[in-house]
Every structure is written in structure tokens, then in C-alpha cells.
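Values below: every heavy atom of this structure, side chains too, minus hydrogens, waters and symmetry copies.
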Amino acid sequence: MFHSVNDQTHPGEKMRSVLFLGVALMALFVMPHFSSSEAPRPNIVLIMADDMGWSDAGCFGGEIRTPSIDRLADEGMRFTQFYNNSICGPTRASLLTGLYCQQVGHPGNRWNEPIDYSLCANFAELLQDSGYHTMMVGKWQGRDLAVHRGFDRFYGPNCQNMISYFNEVQENPFFLNDQPWEFPKEGFYLTDAFTDFAVRFLDEAYQQERPFLLYVAHIAPHWPLHAREKDIAPYRKMYLDSGWDQLRKERFERQREMGLIPPSWSLSPRPDDIPSWEKEPEKEWQAERMSVYAGQIECMDRGIGRILDSLEKAGVEDNTMVIFLSDNGAAETGGLTPHSLVFSRSEQPGWRLDGGEVHSGSGPDRMPGPPDTFSGYGKAWANLSNTPLNGFKQSAYEGGVRTPLIVRWPKVVTEGGTFCSSVGHVIDILPTFLDIAGATHPNEFQGRNLLPLEGRSLKSDLIGPDSRDGRSLYWNAREQGVRQERWKLVNQGAGTPWELYDLEVDGGETKNLAESHPALVKDLAQDFAEWEERVGQP
């Protein structure tokens with residue numbers, strides 16, 4: 001308050017007013033200045049499924065009920081040529097760091113190898129340093145807890161050695177931030193717990209005047225096949241009546257109709273070791289396996305809906321980028337665990353669960369789904385999940401490395417239901433986050449000399465026409481591969497013959513063109529060898 005020369009205010013009050021004004025003026029110079037016209041930085045929600053096939057969601061052709069994932073597609077953009085590293089651990093290493101997994105200490109062929117942070121930083125560390133409030137729920141793997149690697153809040157297991165959706169497992173301790181989390185005595189279901197904490201963390205983030213990042217790393221629908229009866233029951237009749245052959249053809253036709261795949265593509269053939277549904281002797285058991293798997297996905301989708309509803313209720317959805325993807329293709333194997341599985345509430349070592357046995361595998365006499373079972377859904381259903389692609393998790397074929405990717409950001413992607421055919425990879429996630437946050441990737445961070453990023457920002461794909469830059473992508477896990485423009489070179493393991501496919505007309509990799517293009521095979525193989533030498537192989 002200013003006073004005129006005729007003001008009769010007490011001299012002491014005048015002095016206090018002058019001091020207050022001086023402090024206020026100093027604050028204007030000391031505090032960071034943000035223009036009222038400056039657009040707020042976007043919030044980010046990244047949701048990753050585990051072992052979910054390319055075509056499982058409805059918006060990618062599947063019959064599983066996924067209204068929330070489909071909503072993201074209807075209101076956002078689907079990337080039709082986006083890639084992962086074919087195995088969970090290598091994918092997460094690249095997703096977090098923007099580098100090939102081999103550059104951050106991961107050989108690429110093991111599941112849950114921790115990241116070596118000596119030459120890299122993850123997106124949570126960099127966004128946190130840029131002023132973001134960072135949160136994570138779900139699957140974390142590392143020598144350090146997530147809250148020691150850039151996340152302000154964390155809930156989930158610190159590693160993923162053994163899994164139960166219903167019970168605590170000694171080898172897989174859960175944490176809330178940096179403290180062990182005590183499991184409830186009853187009513188726990190893994191996927192719902194992740195959603196509960198995701199929504200809880202969001203409620204806290206809304207109270208802060210800064211942008212936020214939420215990373216939801218689901219374990220669903222990774223084996224074991226554990227689901228509640230209410231989520232299994234609606235699928236039994238459909239899978240029993242239709243079977244994998246008919247449903248695969250139906251998915252393929254839907255993909256064509258929606259423009260997800262080119263009309264020139266053919267459906268990859270059913271592998272020789274999978275019988276036709278007509279000749280399958282145990283149809284009820286097989287239908288139950290897929291029904292449980294579908295129930296796991298539907299439960300995850302329901303949780304995604306709760307997250308989307310939370311963003312809408314808080315009034316922040318327009319300026320929040322939501323990304324959904326999977327860490328690798330559908331898994332043909334899984335569910336056979338070593339005899340070291342110990343559930344924490346059992347006093348006896350071995351395969352025990354509250355006094356009862358945990359049964360490895362599944363069959364007509366032991367249906368999957370309950371907590372005392374431990375099994376996967378098998379190669380035939382995984383082949384359906386990856387329609388129309390060839391290959392499975394751990395493979396360098398498209399069925400192992402191509403992921404469904406959806407981006408919804410209403411403020412930027414103003415026309416929903418669109419497709420982007422640019423070739424992308426999980427190494428692009430970190431550069432995208434830094435780009436939209438107005439942050440840069442430093443050469444040095446917290447005493448670490450960082451490697452330059454391998455990925456590129458996807459922002460240009462979101463705001464304009466597809467940007468094809470002739471990039472090459474590489475895989476070196478249990479199989480090897482290189483993608484360069486329309487061409488894909490792949491083998492079934494080091495030392496096996498290279499195969500060549502034209503993905504523009506043959507995304508199912510049904511016609512090996514290696515013999516008719518020997519010079520191209522040689523050039524791409526040399527390109528792969530040079531990349532392998534550059535990134536190193538731990």
C-alpha cells in the first residue's frame with residue numbers, strides 16, 4: 001500500500017510498508033518468471049502391457065473387450081509400424097533410456113537384467129530434473145529402487161522373479177516408495193492394485209502446480225493365467241464355439257476393413273505344430289486358457305478407464321499425452337516355474353500356497369485361473385494374439401517385435417481415429433518426452449557422461465504428415481534382425497541363414513526373398529554387423 005504525504009499513518013507502519021514493498025520487488029527478480037500467456041507443459045501418462053499381442057485390443061482387430069484402449073484410439077492416433085525389443089527386460093531398458101539395450105549393459109537375450117546407468121539417464125530422472133512430478137506403478141527392475149532413479153512416487157515389485165496375481169511371493173517384494181509394502185490378508189488382485197495406486201498418485205499430482213509423469217507398467221496379461229471368475233465367464237462360449245482358426249481369420253478381416261494393414265498382406269500360416277481347431281481334442285480346456293487371458297486384459301482395460309476418467313474429472317485430459325503399448329509380442333511359452341516358488345504367507349518351502357499346492361502347467365483336469373495354478377495360454381492362442389504376424393515373444397520376426405502403439409493428446413492430435421505409418425521404436429519414447437517437455441538431453445548428468453540418444457521424437461508424427469527419414473532399426477536378442485525402410489532382414493539366431501522380407505507388401509513375412517536379392521542381403525547384413533560392433537554386446 002502506498003501512502004500520500006498527507007497520510008497520518010504511524011511512522012512504524014510506513015517503515016513496515018516500505019520494507020514489504022522492497023521484499024516484494026526483490027522476489028520479482030529472484031523468482032523464475034512465467035508469462036501468463038505461456039502454455040503449460042503437457043502431462044504424460046505412459047501405460048505398458050506385458051506380453052500382449054499386436055491384435056488383442058479391439059482397435060487392432062481383436063474380439064477382447066477393450067473399450068478404454070479403443071477410446072484412446074478413437075480419440076488419438078495408432079502407430080502401425082512401431083517396435084519393441086521382443087523381450088520384456090530389453091524393451092524396458094530402451095524405453096527408459098532412449099538407447100539400444102546393449103548400450104546400457106543389457107545383452108538383449110535375458111528377461112530382467114538391470115540397467116547400467118553409468119552412461120545413461122532414464123526419462124524420469126531427466127523430467128524430474130526439468131520440474132516434473134514423476135510417478136510409477138508396476139513392474140520395475142533394477143539394482144536401485146525406482147524412487148532412487150527419478151521417480152517421486154512408486155508402488156510395485158522391485159524385481160520380477162516370480163509372479164502371482166493373488167498372493168505375495170517372497171522372491172518378488174513390493175514397495176511403496178522406498179518402504180516394504182504389506183500385502184492385505186485378502187482381496188488382493190495385482191492389476192487392480194496397480195490401478196488403485198495410479199489413481200491415488202494422480203490425485204496427489206493434481207494438487208501440485210507442475211506437470212506430471214505417470215508410468216504404469218502392468219504385468220498383465222503375462223502368465224500365470226490368473227483372473228477373477230467375473231472376467232473369465234463372458235468369454236468361455238465364444239472361444240469354445242469359434243476356436244483359434246476362425247477367430248484369426250475374423251481378426252484379419254477386421255484389420256483390413258479398418259485400414260490397419262495394407263490390402264496386399266496375407267495372413268501368415270498357422271505353424272505346423274499347432275493343430276486345427278477342428279482336430280483339437282481338448283477344446284474346453286483350450287477355450288478356458290484363452291478366456292482367462294482375455295479376462296486379464298479386460299481387467300487391465302477397466303483400470304485404464306479409471307485413469308482416463310480421473311484425468312477427465314480433474315480437467316487435465318486435453319493437455320495430457322497418454323501412450324499405450326506392449327513390451328513384446330504374445331508369448332508362445334510360459335507358466336513352467338522352477339521349484340523355488342515360495343508364497344510368503346506359507347511356512348513351508350517349495351510350491352505351497354496357504355497350505356495348498358501350486359500346480360505347474362494346466363490341463364483338462366486342472367483348469368487355469370485360480371491362484372493355485374501356474375500356466376501360460378500356449379502357442380495356438382499366441383498365434384491368434386499376433387494376427388496376422390509371424391513369430392512370438394523372443395523372436396525378431398514381426399510377431400515378436402511389433403507393438404500396438406496408441407497416442408492420445410487432444411490438444412495436439414485433434415483428429416481422432418487416425419493412423420501413422422512412420423517406423424518407430426521404443427527408443428523414441430524418451431526423446432519424445434523431452435521434446436514435448438521443452439527439455440534437452442544433456443551430455444553430462446549427475447556426474448555421468450551420457451551417450452547420445454539413438455531414438456528420435458515422435459512429435460512431428462503427431463502434428464503433421466508421416467515423417468519417413470530412412471532410418472534403420474536393429475534387434476539382437478535370441479534372434480537377430482534389421483529393418484531399413486521397407487526391407488526386413490532376420491534370422492533365427494546367430495549363425496543361421498538370413499531371411500529377407502518386403503514388409504510393405506508382406507507384413508506377415510510369408511515370402512522369403514533372400515535368394516532373389518543377394519546383394520541387398522549382403523548390404524543389410526554388413527549394416528547389422530557394423531551396428532553390433534558400435535553398440536557392443538555385453
Are Arg153 and Glu204 ion-paired here, with the side-chain N under 4.0 Å from a carboxylate O?
yes
Going by atom types only, do Arg149 and Asn122 share a side-chain donor-acceptor pair under 3.5 Å?
no
Would you tell me whether Tyr206 and Ser310 have side-chain atoms, one donor and one acceptor, within less than 3.5 Å of each other?
yes
Hey, can you tell me if His425 and Trp475 have their rings parallel, tilted or perpendicular (30° and 60° cut-offs)?
tilted
Under 3.5 Å side-chain donor-acceptor pair for Asp428 and Thr432:
no
Atom pairs and distances, donor-acceptor, side-chain atoms in residues 489-499, under 3.5 Å, two or more places apart:
{"unit_1": "Asn491", "atom_1": "OD1", "unit_2": "Gln480", "atom_2": "N", "d": "3.2"}
{"unit_1": "Asn491", "atom_1": "OD1", "unit_2": "Gly493", "atom_2": "N", "d": "2.9"}
{"unit_1": "Asn491", "atom_1": "ND2", "unit_2": "Gln480", "atom_2": "OE1", "d": "3.0"}
{"unit_1": "Gln492", "atom_1": "NE2", "unit_2": "Tyr397", "atom_2": "OH", "d": "3.3"}
{"unit_1": "Gln492", "atom_1": "NE2", "unit_2": "Glu499", "atom_2": "OE2", "d": "3.3"}
{"unit_1": "Thr496", "atom_1": "OG1", "unit_2": "Gln492", "atom_2": "N", "d": "3.0"}
{"unit_1": "Thr496", "atom_1": "OG1", "unit_2": "Gly493", "atom_2": "N", "d": "3.3"}
{"unit_1": "Thr496", "atom_1": "OG1", "unit_2": "Gly493", "atom_2": "O", "d": "2.6"}
{"unit_1": "Glu499", "atom_1": "OE1", "unit_2": "Tyr397", "atom_2": "OH", "d": "2.8"}
{"unit_1": "Glu499", "atom_1": "OE1", "unit_2": "Tyr501", "atom_2": "OH", "d": "2.6"}
{"unit_1": "Glu499", "atom_1": "OE2", "unit_2": "Tyr397", "atom_2": "OH", "d": "3.0"}

Does the side chain of Tyr293 come under 3.5 Å of the side chain of Asp56 through a donor N or O and an acceptor N or O?
yes
So, is the end of the Arg402 side chain (NZ or CZ) under 6.0 Å from the ring centre of Phe82 and within 45° of the ring's axis?
no
Does the distance from a Lys or Arg side-chain N to an Asp or Glu carboxylate O, for Lys488 and Glu398, drop under 4.0 Å?
yes
Tell me if the CD atom of Glu415 is crowded by more than 12 foreign heavy atoms within 6.0 Å.
no
Pairing of Glu312 and Arg71 as salt bridge, 4.0 angstrom limit
yes
Any Lys/Arg nitrogen of Arg306 or Asp196 sitting under 4.0 Å from an Asp/Glu carboxylate oxygen of the other?
yes
